[in-house]
Amino acid sequence: MRIATWNVNSLSVRLPQVLEWLAANPVDVLGLQELKLTDDKFPHEALAEAGYQAVAFGQKTYNGVALLSRTELKDVVRANPQFADEQSRIIAGTVASPAGDIRVINCYFVNGQEPGSDKFAYKLRWLAGLDAYVKAELALHPRLVLVGDFNVAPEDRDSYDPDGLRETIHHTSEERNAFQALLNLGLSDAYRMFEQPEKSYSWWDYRMLGFQKNRGLRIDHILVSEALKGSVSACTIDRAPRKNKQPSDHTPVVVTLG
DNA sequence: ATGGTGGCGCGGCCA
C-alpha cells in the first residue's frame with residue numbers, strides 16, 4: 001500500500017503532470033492540495049481513465065484539496081467538523097487495506113504569511129483546530145495517516161537556511177510546537193523513520209532559481225499513527241516532477257506500508 | 001527591506 005501527497009498549485013494547470021506521475025508511480029492513494037478550482041470543474045473523468053476515483057473539496061482561486069484512490073473511499077468528510085473555516089483545506093476518507101482499513105486525512109495547512117500578521121493568527125487557530133480533530137479521529141481510527149502541505153519545516157535540517165530564517169514563517173517556535181503536538185498524539189514523521197539524504201526538501205520557491213540552488217524547505221509531510229508505524233517500509237521525496245516544464249513549486253512525498 | 005516567479009483572472013492577492 002502506497003500513499004502520497006502533492007501540492008499541485010492549480011490542478012487545471014498540473015493535471016497532465018499528475019496523470020504522468022501516476023502512470024509512473026501508481027500509488028494507491030494520493031492527496032492533492034491547492035487545486036484552485038471548484039468541484040464542478042474537477043477532472044473526475046480523466047482520473048477515472050487513469051484508474052482513480054476521487055473525492056474533492058474545492059474552492060475557486062485558492063485552496064482546495066482532493067483524495068484520489070484506486071479503491072473506494074468511504075466515510076468521506078470535508079472540512080474539520082471542530083473548526084469553522086471558510087477555506088477548503090481538509091478532506092478525509094477511509095480506504096481498505098489487507099491488514100485493515102486506513103483513515104487518510106489530507107490537509108492544506110494555512111501558510112501564515114508572516115509572524116504577527118492576521119494570517120499567522122489564523123494559522124495558529126487552524127493548527128489548534130486540526131490538533132483537536134486529529135485527536136478525535138485517532139480515537140475512532142487507530143490506523144491513521146495524516147498527509148499534506150503542512151507549511152511547517154519541523155526542524156533546522158528541514159530548511160536550506162535555518163539560521164537566516166529563524167523564527168520566520170514556516171520556522172517559528174509556534175509552528176514547530178504545533179507540529180510536535182501532532183507527533184505527541186502518537187504520530188510519527190514517516191520520512192524521518194529512515195536514513196535520508198541531507199538537504200532533502202519538498203518545496204522550492206519559483207523565484208531566484210530556488211530549485212537549481214536547492215534553496216528549499218521540507219514542508220510536505222506524511223505522519224503515521226502508532227498502529228501503522230511498524231508496517232512502514234519506506235518514505236521518499238520524488239524530486240523528479242519539480243524538473244518538469246511548468247512545475248508545481250512542491251514535489252510529491254510517498255510512504256509505503258507493508 | 002525589497003524583489004524575484006507563478007496562478008488566477010484581468011487588478012491585485014496569495015504563495
Side-chain angles (χ1 to χ4, degrees), chain A residues 5-21 31-43 46 56-66 79 83 85-91 106-127 130 147-154 158-172 174-176 178-179 201-221 237-253:
Chain A
T5 177
W6 192 5
N7 179 323
V8 291
N9 184 22
S10 170
L11 184 56
S12 302
V13 173
R14 232 66 68 187
L15 179 62
Q17 294 180 45
V18 171
L19 295 172
E20 180 185 41
W21 189 80
L32 299 176
Q33 305 90 36
E34 280 206 88
L35 307 180
K36 297 187 173 179
L37 48 72
T38 47
D39 290 349
D40 58 305
K41 296 193 169 64
F42 191 89
F57 182 36
Q59 190 172 339
K60 183 178 158 70
T61 310
Y62 303 117
N63 312 307
V65 287
F83 181 78
D85 195 351
E86 293 180 357
Q87 305 187 4
S88 301
R89 296 182 172 276
I90 302 181
I91 189 165
N106 174 38
C107 299
Y108 174 46
F109 287 49
V110 175
N111 176 293
Q113 194 179 52
E114 187 180 11
S117 67
D118 289 348
K119 292 195 181 76
F120 189 75
Y122 165 50
K123 183 175 196 172
L124 297 183
R125 289 197 307 275
W126 191 93
L127 286 165
L130 179 71
V147 309
D149 173 3
F150 284 53
N151 271 316
V152 179
D158 299 314
S159 171
Y160 71 95
D161 186 11
D163 292 317
L165 296 171
R166 196 164 299 286
E167 296 300 334
T168 65
I169 199 65
H170 306 308
H171 301 70
T172 67
E174 292 97 325
E175 293 163 281
R176 287 178 170 181
F179 186 89
Y201 310 125
S202 65
W203 169 88
W204 300 261
D205 201 308
Y206 285 122
R207 297 165 288 190
M208 310 292 283
L209 301 173
F211 183 63
Q212 291 86 331
K213 296 178 176 174
N214 198 29
R215 294 163 62 92
L217 305 176
R218 192 178 71 93
I219 55 178
D220 300 87
H221 306 296
I237 296 173
D238 182 5
R239 293 166 54 101
R242 192 61 176 81
K243 301 172 185 170
N244 291 346
K245 283 182 188 170
Q246 262 195 303
S248 169
D249 44 354
H250 297 251
T251 206
V253 184

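Below, chains carry the letters A, B, ... as their sequence lines are ordered, and counting in each starts from 1.
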**Q** Once the angle between the rings of A:His250 and A:Trp203 is folded into 0 to 90°, is it parallel (under 30°), tilted (30 to 60°) or perpendicular (over 60°)?
**A** tilted

**Q** Suppose you measure atom P in B:dT5 against the same atom in B:dG9; what distance do you get, rounded to whole Å?
**A** 23 Å

**Q** Taking the side chain as everything from C-beta on, heavy atoms only, tell me whether A:Trp204 gets closer than 4.5 Å to A:Asn214.
**A** yes

**Q** Between A:Gln212 (CD) and B:dT5 (P), how many Å, whole number?
**A** 11 Å

**Q** Take nucleotides 6-15 of chain B nucleotide by nucleotide from the 5' end and write B, S or -, depending on whether a protein heavy atom sits under 4.0 Å from the base, only from the sugar-phosphate, or from neither.
**A** SSSS---BSB

**Q** Using atom P in both nucleotides, what's the gap between B:dC13 and B:dG3 to the nearest angstrom?
**A** 15 Å

**Q** What interatomic distance, in whole Å, is found between P of B:dC10 and the corresponding atom of B:dC14?
**A** 16 Å

**Q** Please state the C1' separation for the pair B:dG7 and B:dG11 - nearest whole angstrom.
**A** 14 Å

**Q** According to salt bridge (Lys or Arg N to Asp or Glu O under 4.0 Å), who are the partners of A:Asp158, at least two apart in sequence or on a separate chain?
**A** A:Arg192, A:Arg218

**Q** Quick one: pull up OH in A:Tyr108 and OH in A:Tyr62 and give me the separation to the nearest 0.5 Å.
**A** 10.5 Å

**Q** What I want to check is whether the side chains of A:Asn111 and A:Lys123 have a donor and an acceptor closer together than 3.5 Å.
**A** no

**Q** Per the salt bridge (charged side-chain N to carboxylate O under 4.0 Å, His left out) rule, what does the pair list look like for residues 203-215 of chain A, sequence neighbours excluded?
**A** A:Asp205-A:Arg207

